[in-house]
There are 2 protein chains.
Amino acid sequence: RSEVLKLNEDPGVHGVCLQLPSSVLTSRVANALKPEKDVDGITDLNMGRLVRGDFSKGFVPPVASAVVDLLEKHDAPLEGKTVLLVGSEGPLGFALQCLIEGSGMVALKSQWSSASLQRQVIIFSPYTFTVEVFFLNNQANSARSGLSLHRFKNKKKKKKDLCVFYVSDIEISRAQTPKPVTQLAEEIGLLPGELEAYGRNKAKVRLSLLDRLHTQPDGNYVLVAGITPTPLGEGKSTVTIGLVQAFSAHLKLNSFACLRQPSQGPTFGVKGGAAGGGYAQVIPMEEFNLHLTGDIHAITAANNLVAAAVDARMLHEATQSDKALFNRLVPSVNGVRKFSPIQISRLQRLGINKTEPTSLSPQEVSRFVRLDLDPSKITWQRVVDTNDRFLRKITVGQASTEKGQIRETGFDIAVASEIMAILALADSLEDMKNRLARMVVGTSRRGQPVTAEDLGVSGALAVLMKDAIKPTLMQTLEVRHERITLNKFFNIKCRASGLRPNVVVLVATVRALKMHGGGPNVSAGAPLPKEYIEENLSLVADGCRSNLRKQIQIAQLFGVPVVVALNVFKTDTLAEIDLVCQIAKECGASDAVPCHHWSQGGRGSVELAKAVKEAVSRPNNFQFLYNIEMPIVEKIRTIAQKVYGADDIELSPEAKAKVDYYNQQGFGSLPICMAKTHLSLSHMPDKKGAPTGFILPIRDVRASIGAGFIYPLVGTMSTMPGLPTRPCFYDIDLDPVTEEITGLF
Amino acid sequence: RSEVLKLNEDPGVHGVCLQLPSSVLTSRVANALKPEKDVDGITDLNMGRLVRGDFSKGFVPPVASAVVDLLEKHDAPLEGKTVLLVGSEGPLGFALQCLIEGSGMVALKSQWSSASLQRQVIIFSPYTFTVEVFFLNNQANSARSGLSLHRFKNKKKKKKDLCVFYVSDIEISRAQTPKPVTQLAEEIGLLPGELEAYGRNKAKVRLSLLDRLHTQPDGNYVLVAGITPTPLGEGKSTVTIGLVQAFSAHLKLNSFACLRQPSQGPTFGVKGGAAGGGYAQVIPMEEFNLHLTGDIHAITAANNLVAAAVDARMLHEATQSDKALFNRLVPSVNGVRKFSPIQISRLQRLGINKTEPTSLSPQEVSRFVRLDLDPSKITWQRVVDTNDRFLRKITVGQASTEKGQIRETGFDIAVASEIMAILALADSLEDMKNRLARMVVGTSRRGQPVTAEDLGVSGALAVLMKDAIKPTLMQTLEVRHERITLNKFFNIKCRASGLRPNVVVLVATVRALKMHGGGPNVSAGAPLPKEYIEENLSLVADGCRSNLRKQIQIAQLFGVPVVVALNVFKTDTLAEIDLVCQIAKECGASDAVPCHHWSQGGRGSVELAKAVKEAVSRPNNFQFLYNIEMPIVEKIRTIAQKVYGADDIELSPEAKAKVDYYNQQGFGSLPICMAKTHLSLSHMPDKKGAPTGFILPIRDVRASIGAGFIYPLVGTMSTMPGLPTRPCFYDIDLDPVTEEITGLF
């Protein structure tokens, strides 16, 4: 603010174009600026306020829109003049693309490097003017207040005629003032009583909505999947959001995107946030990436309450007689002794049909009070929502108060909890509660599964999770966006939900295809090898004919049409893009289209949306890959051979023993969820393309009885990521004055 | 609902009095009930709707209020009739007390047992009628819908003339429909932009409020403390809430209660919730006790991100050369290499005033990249918000991926995190961020403290905590209620905040006083010995002259007047109550008054509020107990002798070494926060009263540099509670249809 006041008094400054977060502008700074110093109309661009209307109707990139407005307003004052394009960080090429494509301008040169000041001549027929690109310091926080104003002041002295700012992901997110979520909810037809707002920008949707809508016909269900990705990710989230933006804002079709809430582990670790990117984002992205509505925290709390109950129970059983346990578990309250409902459930499972505590025989008391958990067969792990590799394998109970009851165990990342899977699969509070009760935490010394309900904790779990099951409603840059935790597994989700996908959108990138075609290794943090920056049609073609073809075939196994969405990067050439689309169609895709949602928002995904709409109208012969009653080993083999392309599977002795145990316990007809690296179709992350001629090793087989599936562990699979030497958190910061967050992308 | 429909058609039923949560009533059930079956006016009582106006103005217990209404409406139809008083659980004696005291009735007999159906003759001058008490099943969930309606139907056949339900804590909470928090905020003068609603009933208050109000004079600051409690707790929360209810609703003085958010560990463990009780509650209590606005989850996430960063950093330093570390910590991005701001801070602390990465000498690179943490001197522990005793002492890093970097560490309960202390002490975002950056996580091999900022994580911590620092606004049954995390320590909080308490309210109970007077042991879960149920003036007097007197003297050490609040239980006799008040005044209390907030809400605390108001007007000579510049050991000795009554202190060799180290590091002038059992003034939990003649053993001395205090560990103090054999979670359950929670008290 004091910077602004200084600029007001500086006779050398003829205009000020503020690039500040709207929160600051609205409160104090905007009022401090004298009207005569305000650059025509452009201030509003940066405040994201005047262009709000455009956002919610159809998408016009705000940069171009503001330029066009200015041209119309001033009868093309830019003829022969220079436009200053200022960006704090992020791919400036896209800004220019917006400027050009959005306004009908023509660029004389299309080559932009992102290193320093650039000049470019633009023809906006019939006018010609020059665009000068100016980079602010690459660090987002220096792009704020002081520094950006200071630099800007220097630029102003050069008397540019128009200034346009370009903004990075988080700035795009911030520049757009989200609709109040209550208004959003009303527009999409939710009743006020069906909404629980969490602040201004997010809300929980009550499950009563399901009752109200249960007679409505189902909509079309589009599954967005991807080819085998590089470690950098190929953009399933952005494609999903872009597609919804295209459907809703451009094709005027009601649509919702369902995304999983991002885990904070990767956000602060190596991957960063997961709100989409560019002009295809969930907003506000800070809220999407941090805490959100606390669902993962609830999972963590519930999961760890079970873990604490397991160990405490083992300790109490080890140190107390049957009688002492019974007196404590069924205490006399005001002279009355009785079982709680959860204890009556346990008695019934034990075949003891009594409800009067004093009527139990000593033997029945013993069976009731002793879960008799085998410490070496506890399968329940603790969780944290942090990439904490040192918790992968730990020993607990080493304090003297635990009387030597030490054992080895470990922590998983919170989203790997069975409770997360239950949240994704449960279709009502009752279903969730029943699944939570059925979760198996370990095995008794007599070989019987012990459940959360046996521990007496399942009611408390349902209470902890009662809000998490409600979907969270947020919005995208252009339209609306609903997140509901869905695992998009045909064989599990579709069986559990009864939903049948009408079409699969398969996301591919030229980068990943080149990798599958034999390109060099791609890893996070390291610069991309030149093969990925320059045109290389042969690598692209080989990638298409291996991994992409195989992925299309996999989707077709389920009888569902496939549309390939090529997520276009700025380094992709037209020839590469055309080649991918051509081969994809040859390999059986219903259609294959390039997507420009990152730079253009929904407008860049209109072709994809049209292709999806067309594919939805085709006949759909959805079928499951295997009969659920097939033996566990056969189901695993079917997946390995038909989906992954393995010759066969090989079970370790441990895996075999587990299969026998699950069959004996009656869990044999559960579906299978393979726990395998996502970096290859095989179990070997470095085998790209469509590997063949391998035997898939099944190291162990585990069961999530509550969630309702068996999950074989294929090769080594970590359920707890680690932190790199320089984690994302190094760049994440909070300005204590503006409350603005930097470094969270 | 189907139960209601059945009742509608049943000619034997002449009226139905529904005892259902209002959420159910409002949606479907209320409409299902035929008007002719509705019992006069009383339905509204149970729906908590017609009496809402009374709640927000002055407090009339709803039971009595409804009876009075009915008497007025029908010209005393109860003359000679029978009133049925139905309660699902909870102390029914209080219901009757409400009925009697609230309506001016006189009971002929005051003895009520809580075992079965009771009859009582009531005189409501000039009418006489009979009250019959009927207990529903003791389990809250059977008091719902089906069972209660069924039993009620049977009662109806006996043709009672009036039915009154009594409700338990959670039912009282539910029966009262809370004001929308937006309306509440408006009434207390918050601007819409200063509020972030979290659902309908709770909101965060933005810190911008502090800016707006900073020219306002401070209000009076009342500290609510307690005498040494029994393990059952003596009601500091209920007294606090009762006091604000009295101030706001009855004395018409603006007042706010500030409570700490309850930890979920005890909620599901042994203690239960912490929302107050009876007619002195924070509502809705379910939301207060569960997740709330996620502040403790945020603390957990932030604390554990630091822990993961500590171990990952030690691993990376152990396995990489200086050069490799430097290349990763300061990578080349698009050909540019530069330090992040957090790294420049570290360089400055190291005395390296360079900002160009290539200009560092190899020696400087080594000092920059190596925190060189000594694994045996890591003081940072992980946390969970669960009573998980098996995590007290653990070994981490045992997976082969951690390359043998195993070490012993442990988890604390989340609220014991230094980040919790910072949240309680920080007065702005900037202050919080600075404190987070200063937190010391361990010591380098060269003996230097290593901070969160050295780890590069402090900006991310501030981002994770940015919402948690905002106070959460909720309301009490009668008025409003603001929770802000405050540690009420004179020597720490008052120094940090500059706030000076005007009066101390010292909460006592006859039960705790009897214990201090020599009564038998009191423990959670076991029935109370008869000394605590029957009148015993000698035990009470001895307790007053030992612990209560000492506690009054402690408060007077700080020059602040003391008002003793005797939290009255139904078993206390008039003689006992009078005796406590008399001795308290003899011992120097400004005043001593019995409080009946539990049964009467704010009306029961009006005398306390008046006494507090009177004490506030007295001269206040607030002084600190010690000069902050005194040596650490002297400060500890001063507290031990003047506050606890010890003869002296004795430091272990470890404690002495730590004191030397802190002095050397310049931490010597921090205030002291003793970590000692709260169950005795000494370090021995079984020494009640006012122990003397003991030497206080200082086992270890630790420092929370970020929060800004030194904390000596006195004797054994657990920072991780355990679960009992039958934890609270056994009774906690969720009805999947009504979404009602049971067993959470």
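We use all heavy atoms of the structure for the numbers below, so side chains are in, but hydrogens, waters and symmetry mates are not. In what follows, every chain begins at residue 1, and chains take the letters A, B, ... in the order their sequences are listed.
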Among the options A/K466, A/M432, A/R328, pick out the one with the most heavy-atom pairs lying under 4.5 Å from chain B.
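With the most close heavy-atom pairs to chain B, the winner is A/R328.
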Validation row: [X], [Y] side chains within 4.5 angstrom (heavy atoms):
{"X": "B/R382", "Y": "A/F390", "answer": "yes"}
{"X": "A/Y730", "Y": "B/L329", "answer": "yes"}
{"X": "A/M465", "Y": "B/L734", "answer": "no"}
{"X": "A/D388", "Y": "B/N304", "answer": "no"}

[X] versus chain A, the contacting section by heavy-atom distance below 4.5 Å:
{"X": "B/T386", "result": "side chain"}
{"X": "B/A309", "result": "both"}
{"X": "B/I342", "result": "side chain"}
{"X": "B/Q264", "result": "side chain"}
{"X": "B/D311", "result": "both"}
{"X": "B/V457", "result": "both"}
{"X": "B/E408", "result": "side chain"}
{"X": "B/L455", "result": "backbone"}

When rounded to the nearest 0.5 angstrom, what is the spacing between [atom1] in [X] and [atom2] in [Y]?
{"X": "B/I732", "Y": "A/L464", "atom1": "CD1", "atom2": "CG", "value": "8.0 Å"}
{"X": "B/L391", "Y": "A/I394", "atom1": "CG", "atom2": "CD1", "value": "6.0 Å"}
{"X": "A/L723", "Y": "B/L305", "atom1": "CG", "atom2": "CG", "value": "7.0 Å"}
{"X": "B/K393", "Y": "A/I406", "atom1": "NZ", "atom2": "CD1", "value": "11.0 Å"}

Name the orientation class of the two ring planes belonging to A/H297 and B/H297 (parallel below 30°, tilted from 30 to 60°, perpendicular beyond 60°).
parallel
Engaged part of A/Q405 at the chain B interface, taking heavy atoms whose separation is under 4.5 Å:
both
Modelled atom types, side-chain donor and acceptor of A/T401 and B/R389, under 3.5 Å
no
